Colleague: 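Can you read through this structure? Questions will come right after.
Quick caveat: nothing in here was measured; it's all calculated off a predicted structure. Chain letters run A, B, ... following the sequence lines, proteins first and then strands; every chain starts at 1.
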Number of protein chains: 2
Amino acid sequence: MGEESTDIGQRSVPTSVDVARRAGVSQAAVSLVLGGKAAGRVGKKSQEAILSAARELGYAPNSAARTLRSGRSHVIALVVPDVNNPFFAAVFEGAERAARKEGYSVILITLKDIQDWQQLINEAFTTYAVEGWVLYTMRVPTAPLQELLRDKAILVDGFTDEMPSLLLDIQHGMSDMMQHLIQLGHTRIAHLAAAPDDETFRLRHRVYRETLLQHNIPYRDDYQLRSAFTLEASYQAAYQLLTLADAPSAIVCDSDMLAAGVYKAAYALHLSIPRDLSVTGFDDSLVSRILVPELTTVAIPTDTLGEQTIALLLSVLEKKQTPHFDPLLLSLVVRGSTAAIEDK
Amino acid sequence: MGEESTDIGQRSVPTSVDVARRAGVSQAAVSLVLGGKAAGRVGKKSQEAILSAARELGYAPNSAARTLRSGRSHVIALVVPDVNNPFFAAVFEGAERAARKEGYSVILITLKDIQDWQQLINEAFTTYAVEGWVLYTMRVPTAPLQELLRDKAILVDGFTDEMPSLLLDIQHGMSDMMQHLIQLGHTRIAHLAAAPDDETFRLRHRVYRETLLQHNIPYRDDYQLRSAFTLEASYQAAYQLLTLADAPSAIVCDSDMLAAGVYKAAYALHLSIPRDLSVTGFDDSLVSRILVPELTTVAIPTDTLGEQTIALLLSVLEKKQTPHFDPLLLSLVVRGSTAAIEDK
DNA sequence: CTGAAAGCGCTTACAG
DNA sequence: CTGAAAGCGCTTACAG
């Protein structure tokens with residue numbers, strides 16, 4: 001039995017000193033080997049002795065000590081508006097997977113119901129020693145926060161001069177969707193927009209409007225509604241659209257979540273999708289596949305998004321040359337919620 | 001200008017020493033005040049000086065140093081099978097909210113696609129200095145893992161002698177659901193069970209079977225299917241049930257996610273819910289409200305769950321007397337997916 | 001290739 | 001009520 005196994009009762013957590021003693025080397029050698037910096041600095045025999053001693057003791061380096069000394073935590077924070085939206089759960093998963101490959105881990109910070117997100121981010125700094133930030137918040141942070149996050153954060157699907165951004169090709173995604181509907185013969189196309197006044201949503205609306213114009217389809221004010229990201233709100237908005245005297249034959253939604261409300265309103269009004277009404281979403285989240293019939297939507301590829309996000313953030317953190325990413329390509333996914341308009 | 005503002009270029013992060021210097025007190029006093037332990041130990045004037053100095057410098061205690069010294073990180077890990085299931089997103093939110101009140105924060109660990117979750121948990125120990133664990137994994141951990149987690153973890157909706165558990169009253173929830181269907185006149189009730197062989201699902205099945213027995217309804221082997229938590233798998237299983245010669249008039253699902261597959265199969269077979277088929281879920285997740293018509297389900301109250309979970313875990317960590325919680329009450333939520341069977 | 005040592009920024013007992 | 005000091009467990013420059 002080694003000396004370190006003499007502790008009675010409470011199993012004390014082994015430290016690098018315990019490992020060093022058992023392996024017959026210095027504590028520094030243990031640190032070098034476990035930190036993967038032993039090449040050419042610690043003899044092969046010592047390395048083996050250290051590794052097996054570590055294994056026997058169940059040693060794992062103390063993260064707080066490591067972070068304190070090195071100034072690196074390898075923790076990335078992903079800030080999203082709401083995890084209850086399955087789209088953001090998928091974004092988290094994609095970022096998590098990509099980060100793991102690079103030796104980082106991701107914590108999830110939800111802004112929902114939070115007034116003071118400056119405080120929240122401060123807390124995260126304190127609690128987790130977050131090294132880098134991915135803000136998928138659709139809202140450009142305020143000036144003091146930008147100062148705090150300088151050279152540590154990137155913005156996804158939003159733009160500011162103050163911070164590197166990963167852009168999504170909302171433009172083409174939305175345009176493809178509009179073309180799709182127009183090709184199906186729709187001209188009475190309403191837009192159910194997201195309530196938050198973010199650039200990503202303004203962009204959707206601009207493309208909606210321009211595409212109508214290009215096809216000489218009149219833009220109607222009564223076909224424009226905005227809704228919060230709740231089923232109740234989107235239901236109400238859709239109900240209002242569908243009970244217009246001259247109701248739309250298609251409703252384009254800014255998000256799959258909003259489309260779910262449209263399905264409910266259609267059901268309440270005994271309208272069949274896609275026979276009586278075409279509906280489209282945005283995101284290609286789980287929601288789009290749960291809906292029956294499945295939702296035609298614009299896919300945001302969360303795996304690629306995660307990889308590019310992490311690559312961009314790490315380049316910022318390491319002050320390397322920032323890689324250039326073209327806006328992420330979004331593709332139209334045609335499913336059962338859209339159909340050619342029937343002659344009546 | 002204070003002495004600490006003389007650094008040129010890189011804004012160095014202020015430390016307690018900087019605050020102490022500016023406030024004209026000792027570093028220890030700063031620690032006491034910021035740590036909320038100043039009562040009766042630091043004079044009122046000093047406290048004020050410290051607080052304003054901290055504010056002016058934008059000081060926040062270094063978490064790594066704090067954790068290293070005190071051995072406390074105030075981080076709780078929540079381990080779930082899959083965040084893409086909106087139910088677990090809601091569980092996270094509930095736990096997060098409850099933990100925040102107690103000064104803890106919650107990181108989310110997803111087991112999906114992970115083979116070796118022992119390693120994952122080890123990693124989390126290393127990376128985040130996790131103090132306490134909530135395992136909502138529906139699988140009792142292996143022996144070495146139990147050793148690692150002793151006195152640090154609780155299990156939710158699962159039972160083992162090795163670990164405190166928070167139980168859900170699956171029994172009554174499932175029983176209420178079955179009563180509901182039987183009262184509606186259903187006798188051909190199939191059970192679409194979850195594939196994982198966990199106690200929580202075995203329990204659902206036991207209650208299903210017993211309730212049939214109590215009502216002299218024959219138990220049929222061809223009405224029993226299991227499905228993984230994917231839409232494709234549950235669709236296939238439901239399709240198989242619905243194309244039986246003597247197809248069920250109701251399908252009871254172990255989870256809302258599984259019910260979504262049933263909706264798809266019903267749609268494919270031109271069966272109308274609830275007219276031709278009643279469907280029920282379990283969890284009352286976002287999924288149950290997205291489905292059209294909305295799903296009759298058993299509600300697991302994630303807010304209460306979060307509060308009890310955190311309360312139980314903290315009592316374990318603080319080695320206080322463990323509070324006793326009765327199994328969490330689940331309530332039947334009747335919505336549009338169930339109806340009285342029609343006379344044919 | 002190896003060892004001895006400094007020090008990251010705190011918390012906390014201890015002496016006044 | 002205040003101050004001086006030890007020490008948490010590492011990483012990393014430095015001297016051999």
Colleague: Side-chain atoms of residues 45-56 of chain A: list all donor-acceptor pairs with protein atoms under 3.5 Å, sequence neighbours left out, distances to 0.1 Å.
Modeller:
unit_1: A/Gln47; atom_1: NE2; unit_2: A/Val42; atom_2: O; d: 3.0
unit_1: A/Ser52; atom_1: OG; unit_2: A/Glu48; atom_2: O; d: 3.2
unit_1: A/Ser52; atom_1: OG; unit_2: A/Ala49; atom_2: O; d: 3.3
unit_1: A/Glu56; atom_1: OE1; unit_2: A/Arg22; atom_2: NH1; d: 2.2

Colleague: Closer than 4.0 angstrom, basic N to acidic O: yes or no for A/Lys101 and A/Glu307?
Modeller: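 Looking at A/Glu307 together with A/Lys101, the answer is yes, because their closest N to O distance falls below 4.0 Å.
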Colleague: Donor-acceptor pair, B/Asn85 side chain versus B/Asp82 backbone, under 3.5 Å?
Modeller: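 Not confirmed, B/Asn85 side chain does not pair with B/Asp82 backbone.
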Colleague: Any side-chain N or O of B/Thr67 under 4.0 Å from OP1/OP2 of D/dC8?
Modeller: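 False: B/Thr67 side-chain N/O out of range (4.0 Å or more) of D/dC8 OP1/OP2.
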Colleague: Can you list every stem that DNA chain C is part of, counting only runs of 3 or more consecutive Watson-Crick or G-U wobble pairs with both distances under 3.5 Å?
Modeller: C:1-3 with D:14-16, C:5-12 with D:5-12, C:14-16 with D:1-3
Colleague: Answer yes when B/Glu131 and B/Arg72 have at least one side-chain N-carboxylate O distance shorter than 4.0 Å, and no when they do not.
Modeller: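 Looking at B/Arg72 together with B/Glu131, the answer is yes, because their closest N to O distance falls below 4.0 Å.
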Colleague: Which atom pair, heavy atoms only, marks the closest approach of B/Leu313 to B/Gly132?
Modeller: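 Reported closest heavy-atom pair: CD2-C, 3.9 Å.
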Colleague: With a 4.5 Å cut-off on side-chain heavy atoms, are B/Val83 and A/Phe92 touching?
Modeller: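 Side chain of A/Phe92 against side chain of B/Val83, heavy atoms only: contact under 4.5 Å found.
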Colleague: Under 4.0 Å, counting only non-hydrogen atoms across every strand here, what does A/Ser63 touch: a base, just sugar-phosphate, or nothing?
Modeller: nothing
Colleague: Could you write nucleotides 9-16 of chain C as a row of B, S and -, 5' to 3', where a protein heavy atom under 4.0 Å of any base atom gives B, of only sugar-phosphate atoms gives S, and otherwise -?
Modeller: BBBB-B--
Colleague: Report the relative orientation of the aromatic rings in A/Tyr104 and A/His74; use parallel for angles under 30°, tilted for 30 to 60°, perpendicular for over 60°.
Modeller: parallel
Colleague: Could you tell me whether a side-chain N or O of A/Thr67 sits under 3.5 Å from a main-chain N or O of A/Ala64, the two making a donor and an acceptor?
Modeller: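 Judged by distance alone, no pair lies under 3.5 Å.
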